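First the structure, in the form of structure tokens, and then the observations on it.
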There are 2 protein chains.
Amino acid sequence: MSENAGRWLRDEIENAILSNEFGPGERLDEMVLASRFGVSRTPVREALMQLNAIGLIEIRPRRGAVVIDPGPHRIYEMFEVMAELEGLAGSLAARRLDEPSRQAITAAHKRCEHSAEAGDSDAYYYDNEEFHKAIYAASRSEFLEEQCTQLHRRLRPYRRLQLRVRNRLSTSFLEHCGIVDAIFAGDGEEARRLLRSHVGIQGERFSDLVASMATR
Amino acid sequence: MSENAGRWLRDEIENAILSNEFGPGERLDEMVLASRFGVSRTPVREALMQLNAIGLIEIRPRRGAVVIDPGPHRIYEMFEVMAELEGLAGSLAARRLDEPSRQAITAAHKRCEHSAEAGDSDAYYYDNEEFHKAIYAASRSEFLEEQCTQLHRRLRPYRRLQLRVRNRLSTSFLEHCGIVDAIFAGDGEEARRLLRSHVGIQGERFSDLVASMATR
DNA sequence: GTCAATGATCGTGTATACAAGAATTGAAAT
DNA sequence: ATTTCAATTCTTGTATACACGATCATTGAC
């Protein structure tokens, strides 16, 4: 348990939402949560407000908190923004790359390769996250890194869905290769372009997303 | 006063921070704030946590809240991200422009023109905000609009500083003209490019920022 | 039978009380 | 004089109690 109950609860409830235990639209009763986690309403309310700030739930005054249902279109919009931010991170990384960042990216990239070859989608899911985070860090813009990490976290469940699509694993890794090449070559604009299309969900990938959301 | 004290307090304290009444690094005592605003600590704590989520203050466990001091470099990073998001908004606006958005942009642009000609920096500050918001809305991406609005709000005080720089008013308006042309022409990439350089603070504008921050 | 009004009930919003960790101050020892 | 340790005080974190608005059900009228 984290040092204060509020943040611990935030993570607990967040996980419950991301793992779909609390489905979209579901009402979150403060007292129910309080007794479930063995605390009073006060830290529960703190956690709920933080989740509200993150954008996972909506708190309507005097009417309680409900889990937000983003809907395919909004998810598409979120990926669109994510693509833009990652593109920026990539272009900065390419221009500012130093040795530690280079090594971090290489290491994460290698781990992705192993997971992809093994066809281990769960491992790739994790390694992919590390790969992208390595690029955020390499941008050497702390603010950008924070923004990317936050949005990445929020998109986590949908990313997971995407990886289940046929061939997505190897396609994703191939795209990573191009991105790494561009960054290491110092080609910021190419890195930006590749990351944008890697992260965004254009064309058929959008229907893939909608389809996988329908069957969860 | 808003319907619940928490949000009202959030706005109150936020304004106090943005207007520099609570300076960077300053400690925010819950009881002091509570008695100042005539409420108990509970809504004060709620407001502080929301401000923490926004990024205006930092809450260290058991050690209270302090106003964050971004520092020139971090502000630069924030403008860099803002420029990217606005660029995206502009490019989407150019591709998706409809009649209501076109009218909204035109109206805001006209108001900017008047303020700029009058040399009224306060009026321009406000009209400029409306102009940019019109572009966010024209992107027809609700999520992007929210992100832009949020970041714009956070950068408000520094934007204000920037406008005080000599000739910035007319320069800014001239840039607006180009942006409007590109959007109305449906040239998404040009709109993106122009907005990026309009919003970002490259070169001498960065030293202008640092200088104006030092003398406030 | 349907709709509206009124009262009951439930849940959130706020205040206050209590617990526990951190900062501070003072004294003692080196 | 300086440093360290301990005790006190101050502030935050959590629980609980109370107030008020919203929702729901029941009853009455049309």
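Just so you know, these numbers use all the heavy atoms, side chains as well, and skip hydrogens, waters and symmetry mates. Labels below follow one simple rule: chain letters A, B, ... track the order of the sequence lines, proteins then strands, and each chain is numbered from 1. In this text, all values refer to a predicted model and were calculated from it rather than measured experimentally.
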Whole-Å gap separating C1' (D:dT12) and CD (B:E58): 16 Å
Would you please confirm or rule out a distance under 4.0 Å between OP1 or OP2 of D:dA15 and any side-chain N or O of A:S40? yes
Distance check: side-chain N/O of B:R45 vs OP1/OP2 of D:dT12, anything under 4.0 Å? no
Calculate the interatomic distance between A:M31 atom CE and C:dT12 atom C1'; express it in whole Å. 9 Å
Between C1' on C:dA17 and CZ on B:R41, what's the gap in Å once rounded to a whole number? 11 Å
Output the single nucleotide from D:dT14, D:dC20, D:dT12 whose closest atom is nearest the side chain of B:E30. D:dT12
I'd like to know whether B:L155 forms a side-chain contact (heavy atoms from CB on, under 4.5 Å) with B:R160, so could you lay out the CA-CA distance, the side-chain angles of the two residues, the decisive distance to 0.1 Å, and finally the verdict. CA-CA 9 Å; B:L155 288 172; B:R160 186 151 226 157; over 6 Å; no
Between A:R74 and A:E80, is a salt bridge (charged side-chain N to carboxylate O under 4.0 Å, His left out) present by the stated rule, with each step listed? CA-CA 10 Å; A:R74 190 176 175 88; A:E80 198 170 35; over 6 Å; no
Would you kindly give the CZ-to-P distance between A:R62 and C:dC10, to the nearest whole Å? 17 Å
Mind calculating the distance between CZ (B:R60) and C1' (D:dG13) to the nearest angstrom? 16 Å
To the nearest Å, how far apart are B:D29 CG and D:dT12 C1'? 9 Å
Figure out the CZ/P separation between A:F37 and D:dG13, and round it to whole Å. 20 Å
Answer with yes or no after comparing the ring centroid distance for B:H198 and B:H132 against a 6.0 Å cut-off, counting only values under it. yes
Categorize A:R63 for me: base, sugar-phosphate, or nothing, with a 4.0 angstrom heavy-atom threshold over every strand shown. sugar-phosphate
Answer with base, sugar-phosphate or nothing: what part of the nucleic acid does A:L48 contact at a heavy-atom distance below 4.0 Å? nothing
Presence of salt bridge, B:E46 and A:R45, under 4.0 angstrom: yes
In this structure, how many angstroms lie between the P atom of C:dA22 and the CG atom of A:N4, rounded? 12 Å
